[in-house]
Amino acid sequence: MKNIIITSFLILYGFTAVFAQQEKGIKGNTNWLDNWTEFRPSQEDYGEPTKILTGNISEDMQLNKRDVYLLMGSVFITNNAVLKIEPGTVILGDYKSKGSLTITKGASIIAKGESTDPIVFSSNRSVKRPGDWGGLVILGEAPINRFGSGSAASYYSNLSPRDYANANYGGDNIESNSGILKHVRIEYAGKRISEDTYYNGLLLASVGKETKFYDIMISHAGEDAFEVWGGNLSMFRMVSYKSKGSDFKFNYGTRAHIANSLAIRSPYASNGHARCLEVKSYDSKEEFDFNKKTTFVSATNLTFLNSSENLEADIKMDLVKEAVYVGVSSLLKVSKSVISGFNPAVILDDDITVNQNNLDGIRLTDMYFNNCNGNIFTENNSNNEDLENWYGNLSFANVYSKSPNGETFIDYNNKRKPDYRLRINKIMATNNDPDLEKED
């Protein structure tokens, strides 16, 4: 019955174009989620592979829609080569060999799908699960705040000595260009490599600002969906759906802007440390070069939703965490965004002293905090009076509410026109869908 409900809604939605807008959360005069996104990827049949990609690709190559490609093992685009992917192309990651695709320093990817013909990366298994294959990795030449340059070598098993250079990232070229991703889906990525190392859906390390990111959906990632280390970039209309790890993670001196993006979390799919947004400058002080920049993320019109049907019960079972985490020496500016159904909405690292100097670098304005078990706290401190007084000041224009998610996106100025955000509410309502039941 639930399958019928959601399918009927999506069909109905196709005939109800939307023009309503609201101030906070994802926005658009048209439904930018239409056609290219897929919230039930386990039901998709992408066909059998017709071509295999393996090893190092050192010359320009184009992948065509007429073929289905299989990533066998660690595939590297090297030697400044350009990988061009035609709209509608399907690339499957091999489960047994931990298939992955890495764009190395100086190389680039042109994956420019269309809203009616997206490019899809998915699993080659008949019954798909989070973490089936590696993921997509882009290594660039922009700065990172670690000492020296970085290496992603730990992600690749059986890496030969001559290939270690292909795992390096970092440099001084803020403007560097690693290509474009647009109308791209990445499904069931995030393979476990070792006890504490996992691929992500999309790892961006030292990516420069000329690289373009639009309309990317990552669903059912086995670890983090979007992970960014250093670099300087902008991201528009990103979607993370039921990731086991965090949805958007920025670290190591990233300078980033993310806008009009969505994360839907399931308490039954998440691991114990996952958040919608994590902003840190380092994991340990020993690796941080204090002469380099800290992480700074600016964000507008984000929507973070937790799909708990019984939030209180899920909190008691420790299944729901904070939506946003801010680490020490990190700067975050978020505005016109929705955070709904978390425990609590925001947590600041316990090494962040609550004073005007530090809080001036963590700006939360025009926010809609809805149905959260508390709003803004310092880690391991239940007394948040100072933070509530600070961010509750009228000049920040933040709103606190206790409404069901189904009421979060009502446009009170345009009640009769259906808003595309209602589609999200319908997806949230079908929490016990087959995809979720298959997850380990």
Side-chain angles (χ1 to χ4, degrees), residues 142-147 150 170 196-198 200 203-207 223-233 235 240 243 245-258 261 263 265 270-299 302 304 320-335 337 339 342-365 367 369 372 374-384 386-387 390-391:
I144 191 167
N145 67 16
R146 285 173 166 173
F147 287 102
D196 57 357
T197 304
Y198 293 76
N200 304 287
L203 172 61
L204 306 173
S206 294
V207 171
E223 182 55 20
D224 301 325
F226 298 85
E227 180 143 4
V228 185
W229 298 344
N232 191 309
L233 68 160
M235 310 167 77
S240 176
S243 168
S246 296
D247 298 293
F248 303 101
K249 198 170 183 178
F250 300 90
N251 203 348
Y252 304 122
T254 302
R255 317 296 280 188
H257 176 62
I258 178 171
S261 295
R265 300 207 60 77
S270 301
N271 62 35
H273 59 270
R275 298 129 173 168
C276 291
L277 175 64
E278 182 176 306
V279 179
K280 298 169 68 176
S281 284
Y282 53 83
D283 287 328
S284 65
K285 288 184 178 180
E286 290 74 21
E287 63 185 351
F288 178 35
D289 185 344
F290 284 86
N291 293 316
K292 297 181 179 180
K293 292 182 178 180
T294 58
T295 295
F296 171 57
V297 176
S298 66
L302 305 182
F304 295 155
V320 181
K321 303 295 185 182
E322 67 273 12
V324 177
Y325 179 89
V326 185
V328 68
S329 301
S330 301
L331 303 174
L332 174 65
K333 179 180 179 182
V334 186
S335 64
S337 297
I339 299 176
F342 291 90
N343 178 38
V346 180
I347 282 185
L348 310 184
D349 188 278
D350 55 9
D351 284 335
I352 297 176
T353 303
V354 177
N355 57 37
Q356 182 169 345
N357 183 59
N358 287 332
L359 296 185
D360 277 344
I362 305 171
R363 302 283 294 176
L364 303 167
T365 59
M367 302 290 294
F369 297 105
C372 291
N375 299 307
I376 306 169
F377 288 81
T378 298
E379 191 176 22
N380 303 318
N381 189 347
S382 60
N383 183 358
N384 69 334
D386 289 343
L387 291 173
W390 178 269
Y391 292 107

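All of these numbers come straight from a predicted model, not from anything done at the bench.
Put simply, the side chain of T378 never gets that close to the backbone of I347: no donor and acceptor are under 3.5 Å apart. With hydrogens and angles ignored, the 3.5 Å screen pairs no side-chain donor or acceptor of S329 with any backbone N or O of S281. Under a 3.5 Å cut-off, the side chain of T295 and the backbone N or O of K280 do form a donor-acceptor pair. Side-chain atoms of R255 never come within 3.5 Å of backbone atoms of G230 as a donor-acceptor pair (strictly under, hydrogens ignored). In this structure, the side chain of N384 does not engage the main chain of L387 through any donor-acceptor pair within 3.5 Å. Using modelled atom types, one side-chain atom of N358 and one backbone atom of T353 make a donor-acceptor pair closer than 3.5 Å. With hydrogens and angles ignored, the 3.5 Å screen pairs no side-chain donor or acceptor of N343 with any backbone N or O of K321. Under the 3.5 Å distance criterion, the side-chain polar atoms of N145 are matched with a main-chain donor or acceptor of K293.
Within 6.0 Å of NZ in K292 there are more than 12 heavy atoms belonging to other residues, nucleotides or ligands.
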The test is side-chain contact (heavy atoms from CB on, under 4.5 Å); show your working for D283 and N251 and say whether it passes.
CA-CA 8 Å; D283 287 328; N251 203 348; 3.2 Å; yes
Test side-chain contact (heavy atoms from CB on, under 4.5 Å) on Y325 and S246; report intermediate values, then the result.
CA-CA 10 Å; Y325 179 89; S246 296; over 6 Å; no
Show your reasoning for whether side-chain contact (heavy atoms from CB on, under 4.5 Å) applies to E286 and F147.
CA-CA 9 Å; E286 290 74 21; F147 287 102; over 6 Å; no
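Within the 4.5 Å cutoff, side-chain heavy atoms of L233 are placed close to those of T254. The closest side-chain heavy-atom distance from E287 to Y252 is below 4.5 Å.
With sequence neighbours excluded, no residue satisfies salt bridge (Lys or Arg N to Asp or Glu O under 4.0 Å) with E379.
Between F290 and F288, the distance separating the two ring centers is shorter than 6.0 angstrom.
Side-chain atoms of N381 and D350 include no donor-acceptor pair closer than 3.5 Å.
Between F248 and F226, the ring-plane angle classifies as parallel under the 30° and 60° cut-offs.
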